[in-house]
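Below: the structure, in structure tokens.
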There are 2 protein chains.
Amino acid sequence: MKNDKNPMQCQTVVALDAIVGKWKPVILHILLSGKPYRFNELRRNIPDITQRMLTMHLRELEEQDIIHREVYAQVPPKVEYSITEYGKTLGPILEAMHEWGANHLAHMASKETETDNSRSS
Amino acid sequence: MKNDKNPMQCQTVVALDAIVGKWKPVILHILLSGKPYRFNELRRNIPDITQRMLTMHLRELEEQDIIHREVYAQVPPKVEYSITEYGKTLGPILEAMHEWGANHLAHMASKETETDNSRSS
DNA sequence: CAGGATCCCTGTGGATACTG
DNA sequence: CAGTATCCACAGGGATCCTG
């Protein structure tokens, strides 16, 4: 894992570790719908991601038991990724962050306007 | 800011942006107590942080209106950092993450034990 | 005391090509 | 289809020295 010595006190980073990564929030947001997705299906839903990063993030999430990887022995290969029951516990947190983020954008925008007003007066 | 083109959809990253950074969670955790802290006081409470990183993180948090920087015109200089009312809205999220993180450690530990059992059997 | 200025190292992530 | 394997760029962060 990434955190060698978390000197007690801050398990927050443990949670962060699970959702930090350039595309992890998007992946989680998609899989939290409950529907399983195939590899390339995910790629298509995340336009700018590279297969490398998709693979890496999926592996990390799997290792954390947040998503499940189901391999179907057939040709052509078929692999499906889905959120685990345990992974669903991240849902509320992600939602809260999404909400806070949206509100934050508004908050910062209004502060911008304040400064604009004081400039224009 | 860090995210140039967040293609709508994911304000989660906006929230993440506010709390991601090697020491931000700790800083926030400390300041969320409500008590104002001086610069070196914070340093002392975060053993391994460098003044450079402390400064940078504080500046970013200030820019986001999450903490307040109060400069007292006196010599020797005195600067106090405190959580803003707005910044307090991050509290519940950090708390939730902390709780999830603690639980996650337990969860992963128990999975480890499972494998240990299957190995030892 | 509370920083600013520099230099440098590492990890995260991007681009591209190849495979079972 | 679902990946691996390489190479490479850059930003986040560390160490050190200096200052109003």
Side-chain angles (χ1 to χ4, degrees), chain A residues 1-7 10 13 16-28 30-31 36-64 67-82, chain B residues 1-7 10 12-14 16-28 30-31 36-64 67-82:
Chain A
M1 227 137 289
K2 286 162 191 169
N3 310 295
D4 28 349
K5 280 187 170 183
N6 33 350
C10 221
V13 301
L16 275 173
D17 194 60
I19 59 182
V20 163
K22 189 160 184 184
W23 308 96
K24 277 192 197 172
V26 201
I27 296 177
L28 288 173
I30 293 179
L31 291 184
Y37 279 78
R38 300 183 56 171
F39 189 83
N40 281 316
E41 201 175 354
L42 281 171
R43 280 193 70 180
R44 264 176 268 116
N45 278 274
I46 314 174
D48 290 341
I49 199 174
T50 63
Q51 74 286 58
R52 175 186 141 85
M53 287 316 295
L54 183 52
T55 309
M56 293 187 66
H57 281 158
L58 288 174
R59 290 289 185 279
E60 286 184 39
L61 291 172
E62 185 194 1
E63 204 169 324
Q64 309 247 63
I67 66 175
H68 173 67
R69 180 167 182 263
E70 183 77 27
V71 183
Y72 296 88
Q74 62 180 52
V75 40
K78 175 178 174 181
V79 179
E80 276 190 345
Y81 295 93
S82 54
Chain B
M1 227 136 293
K2 287 163 193 167
N3 309 294
D4 29 350
K5 279 186 168 183
N6 33 351
C10 221
T12 309
V13 300
V14 176
L16 274 173
D17 195 59
I19 59 182
V20 164
K22 188 160 183 185
W23 308 96
K24 277 192 196 170
V26 202
I27 296 176
L28 288 173
I30 293 178
L31 292 183
Y37 279 76
R38 299 182 56 171
F39 189 83
N40 280 316
E41 200 175 352
L42 281 170
R43 280 193 70 179
R44 262 175 272 118
N45 278 275
I46 313 174
D48 290 340
I49 199 173
T50 63
Q51 76 287 56
R52 175 186 142 86
M53 286 317 294
L54 183 52
T55 311
M56 292 188 68
H57 281 159
L58 289 174
R59 290 288 186 279
E60 286 184 39
L61 292 171
E62 184 194 2
E63 206 170 322
Q64 309 248 64
I67 66 175
H68 174 67
R69 180 168 184 263
E70 184 79 25
V71 183
Y72 296 89
Q74 64 181 51
V75 41
K78 174 178 177 183
V79 179
E80 276 190 347
Y81 294 91
S82 55

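Hydrogens, waters and symmetry mates play no part in the numbers below; they use all other heavy atoms, side chains included. In this text, all values refer to a predicted model and were calculated from it rather than measured experimentally. Note on naming: letters A, B, ... go to the chains in the order of the sequence lines (proteins, then strands), and numbering restarts at 1 for each one.
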Which of these nucleotides, [options], is closest to any side-chain atom of [X]?
{"X": "B:P76", "options": "D:dA2, C:dG3, C:dC1", "answer": "C:dC1"}
{"X": "B:R69", "options": "D:dG3, D:dG13, C:dG3", "answer": "C:dG3"}
{"X": "A:P77", "options": "D:dA2, C:dA15, D:dC17", "answer": "D:dA2"}
{"X": "B:R59", "options": "D:dG3, C:dG3, C:dG14", "answer": "C:dG3"}

Open item on the list: Walk me through whether B:R59 and B:R69 qualify under side chain to side chain contact (heavy atoms under 4.5 Å, CB included).
Closed with: CA-CA 9 Å; B:R59 290 288 186 279; B:R69 180 168 184 263; 3.4 Å; yes
So what does [X] touch, heavy atoms closer than 4.0 Å: a base, only the sugar-phosphate, or nothing?
{"X": "A:Y81", "result": "sugar-phosphate"}
{"X": "A:R38", "result": "sugar-phosphate"}
{"X": "A:R43", "result": "nothing"}

Measure from [atom1] on [X] to [atom2] on [N] and round the result to the nearest Å.
{"X": "B:I49", "N": "D:dG12", "atom1": "CD1", "atom2": "P", "result": "15 Å"}
{"X": "A:M56", "N": "C:dT12", "atom1": "CE", "atom2": "P", "result": "8 Å"}
{"X": "A:E41", "N": "D:dG3", "atom1": "CD", "atom2": "P", "result": "13 Å"}
{"X": "B:K22", "N": "C:dC9", "atom1": "NZ", "atom2": "P", "result": "17 Å"}
{"X": "B:H57", "N": "C:dA2", "atom1": "NE2", "atom2": "P", "result": "19 Å"}
{"X": "B:M53", "N": "C:dA2", "atom1": "CE", "atom2": "C1'", "result": "17 Å"}

Task: Non-hydrogen side-chain atoms of B:N40 and B:R43 separated by less than 4.5 Å - done: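 Yes, close enough: below the 4.5 Å cut-off.
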Task: Pair of N/O donor and acceptor under 3.5 Å linking D:dG13 base with B:R52 side chain - done: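 Result: at least one qualifying N/O pair found.
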Task: Spatial distance of atom OH (A:Y37) from atom CZ (A:R44) [nearest 0.5 Å] - done: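 Answer for the OH-CZ pair, A:Y37 versus A:R44, is 10.5 Å.
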- [ ] Hey, which sits more toward the 5' end of DNA chain C by its nearest nucleotide, B:R44 or B:Q51?
- [x]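 On the 5' side of the pair lies B:R44.
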TODO: Just do the side chain to side chain contact (heavy atoms under 4.5 Å, CB included) check on B:V26 and B:N45 with the steps written out, would you?
DONE: CA-CA 9 Å; B:V26 202; B:N45 278 275; over 6 Å; no
- [ ] May I have the step-by-step check of side chain to side chain contact (heavy atoms under 4.5 Å, CB included) for B:L61 and B:L31, ending in yes or no?
- [x] CA-CA 11 Å; B:L61 292 171; B:L31 292 183; 5.8 Å; no
